[in-house]
Amino acid sequence: MFTAAAESFLRQAREIQEEELRRFTARVSAVLQSPEPGPEAVDALQRLHLTVAATKYPRKLDGKFVELLQTVLCSPKSPEQIQVLCAAILREMSPCNDLILSCDEIQDTKLLSLVSSVLLAQGEVAAVGQRVVKVLERRLPEGQSARFLLPVLANVISLSPESLTEEQTNVVSKKLADWLRYASIQQGVAQPSGGFFSSPRTKQPAPITEVDGTVATDFFTVLSVAQHYTQDQWLNMQTFSMLRKWLLCYGGKELNTLNPGMDRCVTSMVPTTGTAGRLLPPRERLRDKAFEYCQRLIEQSNRRPLKKDDGDLQKACLIEAVTIMDIICKQDSSYVCRAVSFLKILHSRICGDATYARALLPIAQFFLNHSKLAAVDSDAIYKHLFTDIPAQLFHNPSLAFEFVQFCKDNSQLFTDSSSIFRQSFPNLFKFLAWNSPPLISEFVDLLPFLLDAGTTIEIFHLLLDLPCLTAALDIQAASLPASEKAGGDPAGKPATCLEAFRHPLYKSMFQYLLRTNNSSFAHSLVPLRQLLGALAGSPRVVQCAETVPVLLELFFRVVAEFADGSLINQLVVLLLQRSDQLYEIPAFKEDVYRVLGSQLAVLCSLRPALVVELSTEILEFSGAVSNIQSKEAIFTHMAWAVGEYLSVSYDKRCTVEQITRFFETLEAVLFEITQLRPQASTPSCAPRAISVLMATLTKLAARSQDLIPRVSMFLSKMRTFVQSPAATSVYCEEDLEEILIRATELMNLLKMPSVAQFVFTPPQASSRFQREVNDSLPLALRMVTQFLEPAPGSMPV
Amino acid sequence: MVRAFVLLAPGGPAGHAPCRVLYARTFGTPAGTAPGGPRQRLCRKEQLLVVARQVASQCQLLQSSLGCLSSPQLPQLPDELMSLQDAPGGLFQMPPGDPFPEGVTVVWLSVLALAFALVCEPQENLSLAEITLRRLAPRLLLSLRLLGPGADVLLRPDAADGLLDRLLPHGQMLFLNEHFLQAMDRDMGIKTYH
């Protein structure tokens, strides 16, 4: 934690002034230049580091002093701790103009590594790369080890692969291949401790063992065990650690020596190690050794480790080995056949073991990349991966993350609606339902690939029920200990969610919610949703609920791009239906209504005719006064859409009767909510709803002018309403004033029916125009009002 | 490769203690980073702070979903390596441009009031990253006495650097089996009870 002491030191470091810093660096300078810098120097450098690191703006240090730091860093006489501190300070200051550091003269590999860290922070990647390769090329002096240089090289090539020439990469590839394949198979010996009791005879080095304790019979790998390791064994471990990076950077740049157009595996039976006596070129040789190494690792991962933690490393090695094999096969397709048979065996070995689940992903990726070439049927692999794994292991956050990444990396697979990938989307959402915070942004990327005309409706329901899915997964996990007696009394109601899981009344609903493939469900989930209400407060459920509005907005945006009229109609009907059937979390419902409301308006703008086509459903929804209170966002947008689009210019089938019916329905609602003497049952609603209802009624009246007197009378009564105690006790002054102004403007507009008709029924020119009209309606109303009741001097020109 | 390592104090939920970076190390400046001294340095610090804040937020969300109460205090400083097998942790992605030019994956681990994070290049071996973190964290906790009242983490960057130079040299994650790890601990003078 951030302790009080740390807080205090940090504050002091930030508050040090330039003058004080100057004096301090002078003191540090003196201490560093003393013949044997000791703990005082260490302490001083540590404080200096904090001072330099503590501020966001860089501290200006004297150029001479910076030079001194560099000199001390590079001097072989400096104690190691001081060198490390100098490097830390120089790195902290980078990029720094006063850096004159060069690695050209440094012979000691450990020091070279340290100095490189400063140079790489400075951006001097090429210089470091050149120096490191030069040192690696030659034979190292006694006592020096190349093992400190390989990580530097790995960093260089990941920052800037162009730093090395082809010749240099060949030289290094040759060495890497040797280190990979020919490390000693004897254990190293401990440094003799000397002393009275130590044996004068040197012990015979023991052979290396496997992780399960058996003596190794094959070459050394990172899964080989020794009490002490030799230098070349360290190199072996370092080499494997950077192997993938190296192969990716430099493994594939030349032509495949075999015919690149081949589409069968037959010719690849020719061994690639070359004929006797001919050594492969460095790239190919490294590929060959790497492939062999990976095969050995995969075999070694079958062993049961004596130390439990080695099991984790085995799995990581397995994943790395498969990935490297995949890369090798991409670079040289002659390896594919060998790899395919090998990996199929591996897959059948691990596919039943949940602890190896993460390794199934690179295996599947391999088959996706290469199975066509090998003419191999890998459908069973994908089916197992997409059907079983998410259902069983959704609660493993690392697997969940990697699985979703896998889907994103292979998103083109989801476009084929008949494929197992597409069909298993209900399973994928289990990852999101359980691990919402880290995966929501991944699903935002993935969702568009899952949506098409065939999946829209099911995904709509799925998104709205996502928090229910979380709750159901929770119950499923709790029900797994099989000692649970089945369901309790089937005739009675289950007492707990857990009992309900096996209860015949709820069982099929749970099964549907927890399904692994896409399908539809004939019955309603309402009882299940109510039952799961008990878990609505669970943190995981709440976190999942928070992701739904984002996904819903995206859903509608994507669907709008391809939906035809019939699908849009279906969605609108469902939208209105589902608004009554949401999981009972107030904040969740509030947010979902907000999204559904605005998206409803969008759908209506895409297909205005739906107002006429779905008039029954819309009338039913708009006529229910309770909707104006409980689902204000949806109601308001619905009412707006009616006013906007219920017109002959949008659909020839729109009749005067229909306009009148809508008018009467909405008028009744408005009447109910603006009563002067409200009852307890009268819903209160947002002022915006009142405004929109007034505007809609006016618009409808403009189209069917018989209604004008009714609206005008209603609007004129608004003044009374606004001044009534019923209104003033519920709404604030600004809102009431706004309502009154709006009512007056609308009334005035209706005094000029032909103008009103023009304003409210624009020609169907373009959607942009429609939007502009909607936005400019208040402006238009105000202009007209000013025209009718000009204030002195405000006559529009 | 690992782009950066961050050790942070996540702080409390919004409004309480802010998230603080206690120690951070980046491994090299990518070529093509816009040059320009103070700006580049500031950018680097800001990027790491963004990572830290994201980690803090994910950490708090995970802890609330697990129903964790406020972290219990250890009765005394541990004098040997803690096992962090059950420590909460996670993975998340940060898209290109926000805050690094290329997308990165962040692997994080939380221990009481601290969190450790590795900022990895895309397509990195995340299993190995988790293993590396679970090895770095207890050694840092021990060596810097992170659970105590002191400020070693600020005042002894050499200790942190030393550990990183062994277990994550230049951002290179290492496939160390338990015996390799033991040999390394011996080199570093860390007593472990295997």
Side-chain angles (χ1 to χ4, degrees), chain A residues 1-3 5-6 9-10 46-47 49-50 56-58 81 84-85 88 94-97 113 117 120-121 123 125 151-152 154-155 158-160 211 222-223 225-229 237 240-242 245 307 309-310 312-313 315-317 319-320 358 397-398 401-402 437-438 441-442 539-540 543, chain B residues 1 9 11 17 20 22 26-31 33 35 37-38 40-42 45-46 57-58 61-62 64-65 67 90-93 95 112-114 121 125-128 130-131 148-151 153-158 161-162 165 169-180 183 194:
Chain A
M1 59 245 140
F2 193 54
T3 60
F9 276 116
L10 193 57
Q46 287 173 334
R47 281 169 195 268
H49 178 270
L50 178 58
K56 280 199 177 159
Y57 65 88
Q81 194 180 15
V84 168
L85 282 164
S94 69
C96 170
N97 290 333
S113 169
S117 73
L120 290 175
V125 183
V152 185
N155 203 2
S158 85
L159 292 172
S160 166
V211 289
V222 293
L223 288 177
V225 167
Q227 296 307 318
H228 299 270
Y229 289 95
M237 181 274 294
F240 179 69
S241 299
M242 66 179 276
K245 192 90 219 180
K307 288 185 186 278
D309 287 343
D310 276 337
D312 293 335
L313 191 76
K315 297 176 177 81
C317 286
I319 290 173
E320 188 81 358
R358 284 170 85 176
S398 311
F401 180 83
E402 291 192 303
S441 52
E442 310 308 311
R540 241 182 240 279
Q543 283 177 3
Chain B
M1 298 295 290
R20 286 216 198 260
L22 297 174
T26 49
F27 298 103
T29 306
T33 309
Q40 194 178 321
R41 182 177 176 273
L42 178 63
K45 283 189 145 0
E46 298 274 277
S57 147
Q58 293 285 334
L61 286 167
L62 180 66
S64 89
S65 78
L91 305 159
F92 62 87
Q93 237 195 11
L112 298 174
L114 292 166
E121 286 181 347
N125 187 327
L126 297 174
S127 297
L128 184 62
E130 289 174 342
I131 291 174
V153 64
L154 296 181
L155 291 174
R156 292 178 54 219
D158 47 300
D161 281 350
D165 283 343
H170 290 270
Q172 170 77 68
M173 298 192 291
L174 298 176
F175 285 88
L176 297 168
N177 64 43
E178 285 295 302
H179 283 82
F180 263 116
H194 286 277

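Because only heavy atoms are used, hydrogens play no part in the values below, and waters and symmetry mates are left out as well, while side chains stay in. Order of the sequence lines sets the chain letters (A, B, ...), proteins ahead of strands, with each chain counted from 1.
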Between the main-chain N or O of [Y] and the side-chain N or O of [X], is there a donor-acceptor pair closer than 3.5 Å?
X        : Y        : answer
A:Ser241 : B:Phe175 : yes
B:Gln40  : A:Pro95  : no
A:Gln81  : B:Asp158 : no

Closest heavy-atom pair and its distance - [X], [Y]:
X        : Y        : value
A:Ile319 : B:Ser127 : CD1-OG, 3.3 Å
B:Ser65  : A:Pro539 : CA-CB, 3.7 Å
A:Ala5   : B:Pro149 : CB-O, 3.5 Å

Given a strict heavy-atom distance threshold of 4.5 Å, which part of [X] is in contact with chain A: side chain, backbone, both, or neither?
X        : result
B:Arg156 : both
B:Asp161 : side chain
B:Ile131 : side chain
B:Leu174 : both

Answer with side chain, backbone, both or neither: which region of [X] has an atom nearer than 4.5 Å to a non-hydrogen atom of chain B?
X        : answer
A:Tyr57  : backbone
A:Ala226 : backbone
A:Gln543 : side chain
A:Gln227 : both

Let's test your reading of the structure: which of [options] forms the most heavy-atom pairs below 4.5 Å with chain A?
options                               : value
B:Gly90, B:Gly150, B:Pro157, B:Gly171 : B:Pro157
B:Leu128, B:Thr26, B:Leu61            : B:Leu61
B:Val153, B:Leu114, B:Leu126          : B:Leu126

* side chain to side chain contact (heavy atoms under 4.5 Å, CB included) against B:Glu121, all qualifying residues, sequence neighbours excluded ->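 With sequence neighbours excluded, B:Glu121 shows a side chain to side chain contact (heavy atoms under 4.5 Å, CB included) to A:Ser158, A:Lys245, B:Met1, B:Arg3, B:Glu102, given in chain and number order.
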A side-chain contact here means heavy atoms from C-beta on lying under 4.5 Å apart; do [X] and [Y] qualify?
X        : Y       : value
A:Leu120 : B:Phe27 : no
A:Pro438 : B:Gln58 : yes
A:Glu442 : B:Phe92 : no
B:Arg41  : A:Ser94 : no

State the [atom1]-[atom2] distance between [X] and [Y], to the nearest 0.5 angstrom.
X        : Y        : atom1 : atom2 : answer
B:Leu22  : A:Leu10  : CG    : CG    : 9.0 Å
A:Arg540 : B:Leu62  : CZ    : CG    : 7.0 Å
B:Asn177 : A:Tyr229 : CG    : OH    : 4.0 Å
A:Gln46  : B:Leu154 : CD    : CG    : 11.0 Å

* Asked: Who among A:Val84, A:Asp310, A:Asp312 has the most heavy-atom pairs with chain B under 4.5 Å?
  ->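 Of the candidates given, the most pairs with chain B belong to A:Asp310.
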* Asked: Which one, A:Arg47, A:Glu320, A:Glu402, leads in non-hydrogen pairs under 4.5 Å with chain B?
  ->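 Ranked by heavy-atom pairs under 4.5 Å with chain B, first place is A:Glu320.
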* Asked: Hey, mind stepping through A:Leu50 and B:Leu155 against side chain to side chain contact (heavy atoms under 4.5 Å, CB included) and telling me if it holds?
  -> CA-CA 7 Å; A:Leu50 178 58; B:Leu155 291 174; 3.8 Å; yes
* So B:His170 and A:Ser117, side chain to side chain contact (heavy atoms under 4.5 Å, CB included) or not? Walk me through it. -> CA-CA 7 Å; B:His170 290 270; A:Ser117 73; 3.8 Å; yes
* Given side chain to side chain contact (heavy atoms under 4.5 Å, CB included), test B:Leu176 with A:Met237 step by step and report yes or no. => CA-CA 7 Å; B:Leu176 297 168; A:Met237 181 274 294; 3.4 Å; yes
* Would A:Arg358 and B:Glu130 satisfy salt bridge (charged side-chain N to carboxylate O under 4.0 Å, His left out), going step by step from the backbone distance to the final call? -> CA-CA 13 Å; A:Arg358 284 170 85 176; B:Glu130 289 174 342; 2.8 Å; yes
